[in-house]
Structures are given as C-alpha cells and as structure tokens.
Amino acid sequence: MAVGYNNVDVEAATRNGIAVGNTPGVLTETTAELAASLSLAAARRIVEADQFMRAGLYDGWLPHLFVGNLLKGQTVGVIGAGRIGSAYARMMIEGFKMNLIYYDLYQSTRLEKFVTAYGQFLKANGEQPVTWKRAATMEDVLREADVISLHPVLDKTTYHLINPERLAIMKKEAVLVNASRGPVIDEVALVEHLKANPMFRVGLDVFEDEPYMKPGLAEMKNAVVVPHIASASKWTREGMASLAALNVLGKIKGYPAWGNPNLIEPFLKEDATPPAACPSIVNAKQLGLPSSKL
Ligand SMILES: NC(=O)C1=CN([C@@H]2O[C@H](COP(=O)(O)OP(=O)(O)OC[C@H]3O[C@@H](n4cnc5c(N)ncnc54)[C@H](O)[C@@H]3O)[C@@H](O)[C@H]2O)C=CC1
Ligand SMILES: O=C(O)C(=O)CO
C-alpha cells in the first residue's frame with residue numbers, strides 16, 4: 001500500500017484489465033512533517049550533536065559548537081509542489097517564515113495564494129512579509145534556495161533529477177531533503193558532493209538501492225538518514241490500510257471508481273459507512289471504469 005506507484009507497470013496492468021489502486025491524501029501531512037523534521041535535523045545538526053552528547057564529548061558551552069543554519073528569512077525550495085510538496089512548503093513558510101521558490105510542471109495557485117495571504121498577515125503585524133516565486137527552471141530553485149525538498153513522482157523525467165551538474169550549482173551550505181523516491185537523486189554523486197562540501201547537508205528518507213545505501217553515505221556526518229519512515233504515523237498507516245482494503249472491496253463488489261481521489265475523507269469516517277466506490281484507482285480512465293461522486 002502506497003500513494004507512489006512507480007514500482008507498478010501500470011501500462012501492463014491496464015493491458016491485462018487489472019485495476020491499480022493507491023492511497024492518496026492520508027500520507028500528505030505525515031510525509032510533509034517528516035520532510036520538515038529532516039530539514040530541521042540537517043540544518044541544526046541534531047543527529048551529529050546527539051551522537052556527540054552520547055559519546056560523552058560535551059564538556060561545556062562553546063560559541064562555535066554545532067553551529068548550523070537559521071531558517072527564518074531564508075528561502076525554501078520545493079521541487080514537485082503537489083499534495084506533499086505544498087503541505088511541506090506551508091509548514092516551512094508558516095513555521096519558520098521562509099520565502100518560497102518552487103518548480104512544478106503545473107502552477108500551484110492554492111499555495112501561491114496561501115503565501116500571499118500569510119505575507120499580508122505578517123506585514124499587517126509589522127513583520128517582514130514572506131514571498132513566493134514559481135521558478136521557470138529547476139536550476140533556478142537549486143541556485144536560489146537555502147533548503148530544498150524533493151517531492152515529485154518518480155518517472156523518466158525525475159530519475160537522477162539531482163545529478164553532479166545540478167549539485168554543483170547549489171549553495172555550498174544548502175540543505176537538501178528527499179522524502180520522495182531514492183532514484184530522484186544520483187546517490188553516488190551525492191556522496192562525492194557531501195565529501196567535498198562538509199557544510200552541505202542532506203536529510204534522506206529514501207535511497208537509490210533501498211534498503212541499501214551507496215558506499216560512503218553511512219560515514220557522512222553531514223547526512224541524516226532514516227529508513228523510509230515518512231508515512232509512519234498510526235493515523236496514516238491505518239488510513240492507507242483502509243483505502244487499500246476499500247479499493248479491493250470496491251473491485252470485488254463491482255463499484256465505480258471515486259471521482260476525486262484528492263477528497264478521500266468520506267472513506268475514513270469511523271462512524272459512517274464508506275461510499276460505494278473504489279477510493280483511488282490510478283488507471284480508472286484507461287480501463288474505462290465508471291466514475292462516482294458523493
Ligand atoms: N517517503 C515516503 O514514505 C513517501 C513518499 N512519497 C512519494 O511522494 C510522491 C509525491 O506524492 P504526492 O505529493 O501525493 O503526489 P502528487 O501527484 O500530488 O505530487 C507530485 C507532483 O510532482 C510534480 N511533478 C511530476 N513530474 C515533475 C517534474 N519532472 N518536475 C517537477 N515536478 C514534477 C507533479 O506535477 C505533481 O504536482 C509520491 O509519488 C511518492 O513517490 C509519498 C508518500 C510517502
Ligand atoms: O506511499 C508511498 O508512496 C510510500 O512511499 C510509503 O509510504
């Protein structure tokens with residue numbers, strides 16, 4: 001069960017009349033929160049400092065001990081401003097008063113409106129307003145942002161989206177976070193970049209050859225690594241299980257596909273019968289399945 005389905009050959013499934021279900025929406029905030037956690041952990045060197053403390057190396061406050069990056073007033077870059085990317089952007093903007101630059105194939109009007117409104121609120125309170133920019137190219141995001149989080153789907157257009165050339169244009173003290181899919185980053189190139197740029201930091205939830213890391217990554221102090229736990233909250237995992245089970249049940253019962261997979265709340269109510277529909281079938285259109293609404 002997952003929202004990402006890059007590991008499924010949807011074309012082959014469609015050719016064989018097989019419906020492919022996924023679990024959108026219930027992972028959005030949980031995954032965005034983990035990306036925000038990785039951003040903070042990398043920017044403020046939390047894991048390094050924790051290891052230092054546990055090793056008994058702390059012998060008093062020092063002005064330069066584990067100095068990291070301040071987020072307030074800096075720029076957050078989002079590549080792939082869909083459900084999760086937009087939720088992450090809102091957290092970083094509202095939580096840390098960061099400015100936004102994003103790159104997506106589509107305009108995220110709702111996100112832009114949110115930043116504009118929040119900027120006006122800050123201004124009305126005598127504070128520096130936050131700003132947003134939709135970048136014309138991914139390179140613009142990489143050049144300008146202080147913290148960059150990757151949230152696109154994995155497909156041919158995003159495979160090794162972060163490569164040696166693109167790493168080279170990022171700021172030397174940037175923070176890069178990936179809670180999308182491992183192969184979005186060329187991990188061998190990343191290890192080399194981390195070695196050459198000790199102030200460059202990453203927070204990774206996903207890896208190119210999961211469950212393995214590329215040689216050298218585990219030794220890098222400027223990398224925070226966690227084992228694909230972005231969606232690991234109880235509410236989310238229960239929601240994923242419910243959506244997956246309701247997709248299967250719906251197919252067995254011959255129900256139509258739900259009309260709007262971005263609006264899955266009716267399937268999650270504990271005190272109500274779920275709609276007679278499959279919550280999210282990604283190849284519903286290609287299979288010619290009828291569509292249902294509330
Ligand atoms: N680490 C984890 O546990 C989790 C990882 N994921 C990953 O996150 C991905 C995104 O999930 P959602 O936000 O729900 O999907 P979404 O479909 O709402 O957002 C994906 C966004 O990527 C954009 N995009 C596609 N190709 C692009 C390109 N070449 N350049 C820039 N943007 C591009 C799309 O236009 C879309 O806005 C999933 O496909 C999955 O792989 C999702 C949940 C948990
Ligand atoms: O849903 C997904 O795409 C995952 O990676 C698992 O949470």
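The chain is numbered in sequence order, starting from 1. In listed order, ligands and their atoms are each counted from 1.
- In the vicinity of H228, heavy-atom distances shorter than 4.0 Å reach the ligand 2 atoms 4 (C), 5 (O), 6 (C).
- For ligand 2, the atoms lying closer than 4.0 Å to a non-hydrogen atom of S231 are 6 (C), 7 (O).
- Atom numbering of ligand 1 starts at 1 in the shown order; those under 4.0 Å from a heavy atom of V206 are 1 (N).
- By the 4.5 Å heavy-atom criterion applied to side chains, M91 and E29 are counted as neighbours.
- Between E139 and R143 no salt bridge is recorded (no basic side-chain N to carboxylate O distance below 4.0 Å).
- Side-chain contact between N283 and I18 is absent, with no heavy atoms from C-beta onward closer than 4.5 Å.
- Heavy-atom proximity to H228, at under 4.0 Å, picks out these atoms of ligand 1: 1 (N), 2 (C), 3 (O).
- Counting heavy atoms from C-beta on, the side chains of R83 and P24 come closer than 4.5 Å.
- Here the straight-line distance linking atom CD of E192 with atom CE of M220 works out to 9.0 Å at 0.5 Å rounding.
- Residues W235 and L268 have side chains in contact (heavy-atom distance under 4.5 Å, counting atoms from C-beta outward).
- Of all atoms in ligand 1, numbered sequentially from 1 with element shown, those under 4.0 Å from a heavy atom of I84 are 8 (O), 11 (O), 12 (P), 13 (O), 14 (O), 42 (C), 43 (C).
- Close placement of the F66 and F52 rings is indicated, their centers lying within 6.0 Å of each other.
- Between G4 and ligand 2, at least one pair of N/O atoms sits closer than 3.5 Å.
- Using a 4.5 Å heavy-atom threshold, the side chains of I46 and V224 count as separate.
- The nearest protein atom to atom 1 (O) of ligand 2, hydrogens excluded, is given as V3 N, 2.7 Å; this is a heavy-atom distance.
- With ring centers used as reference points, W258 lies under 6.0 Å from F267.
- Among all protein heavy atoms, the one lying closest to atom 22 (O) of ligand 1 is P152 CA, 3.4 Å.
- Remark: minimum distance from atom 29 (N) of ligand 1 to any protein heavy atom is reached at T157 OG1, 3.0 Å.
- Of all protein heavy atoms, the one closest to atom 23 (C) of ligand 1 is D104 OD2, 3.3 Å.
- For atom 38 (C) of ligand 1, the nearest non-hydrogen atom of the protein is G4 CA, 4.0 Å.
- Salt bridge status for R181 with E210: absent, with no side-chain N to carboxylate O gap under 4.0 Å.
- Listed by number with element, the atoms of ligand 1 under 4.0 angstrom from any heavy atom of G80 are 22 (O), 32 (N).
- With a 4.0 Å cut-off on non-hydrogen atoms, V153 touches ligand 1 through its backbone as well as its side chain.
- Atom CD of Q128 is surrounded by 12 or fewer heavy atoms from other residues, nucleotides or ligands within 6.0 Å.
- Residue L27 touches ligand 2 through its side chain alone, judged by heavy-atom distances below 4.0 Å.
- Atom CD of E11 has 12 or fewer neighbouring heavy atoms from other residues, nucleotides or ligands inside a 6.0 Å radius.
- Per-residue contacts place Y106 under 4.0 angstrom from the following atoms of ligand 1 (heavy atoms of the residue considered): 35 (O).
- Of the protein's heavy atoms, R83 NH2, 3.9 Å lies nearest to atom 17 (O) of ligand 1.
- Taken to the nearest 0.5 Å, the CG atom of L243 stands 11.5 Å off from the SG atom of C278.
- Screening V141, V115, V78 for a side chain to side chain contact (heavy atoms under 4.5 Å, CB included) with Y102, the sole residue that qualifies is V78.
- Among the atoms of T23, none of the N or O lies under 3.5 angstrom from an N or O of ligand 2.
- The contact set between ligand 1 and A179, taken as ligand atoms under 4.0 Å from a residue heavy atom, comprises 1 (N), 2 (C), 4 (C), 5 (C), 6 (N).
- None of L167, N222, L176, I185 except one satisfies the side chain to side chain contact (heavy atoms under 4.5 Å, CB included) rule with H193; the exception is L167.
- Contacts between R181 and ligand 1, counted as non-hydrogen atom pairs separated by less than 4.0 Å, involve the side chain only.
- Of all the heavy atoms of H151, the ones lying under 4.0 Å from any atom of ligand 1 belong exclusively to the backbone.
- When only interatomic distances are considered, the shortest N/O to N/O separation between M1 and ligand 2 does not fall below 3.5 Å.
- Interface of V3 with ligand 1, defined as ligand atoms under 4.0 Å from a residue heavy atom, comprises 14 (O), 42 (C), 43 (C).
- In this structure, P24 falls outside the shell of residues with a heavy atom less than 4.0 angstrom from ligand 1.
- Among all protein heavy atoms, the one lying closest to atom 28 (C) of ligand 1 is T158 CG2, 3.7 Å.
- For the pair E208 and Y159, the minimum side-chain heavy-atom distance is below 4.5 Å.
- Of the protein's non-hydrogen atoms, the one nearest atom 44 (C) of ligand 1 is T31 OG1, 3.3 Å.
- Close approach of ligand 1 to A230 is summarised as follows: ligand atoms under 4.0 Å from at least one heavy atom of the residue are 1 (N), 2 (C), 3 (O).
- When hydrogens are left out, the protein atom nearest atom 30 (N) of ligand 1 is Y103 CE2, 3.6 Å; that is the closest non-hydrogen contact.
- Given atom 3 (O) of ligand 2, the protein heavy atom at minimum distance is R181 NH2, 2.6 Å.
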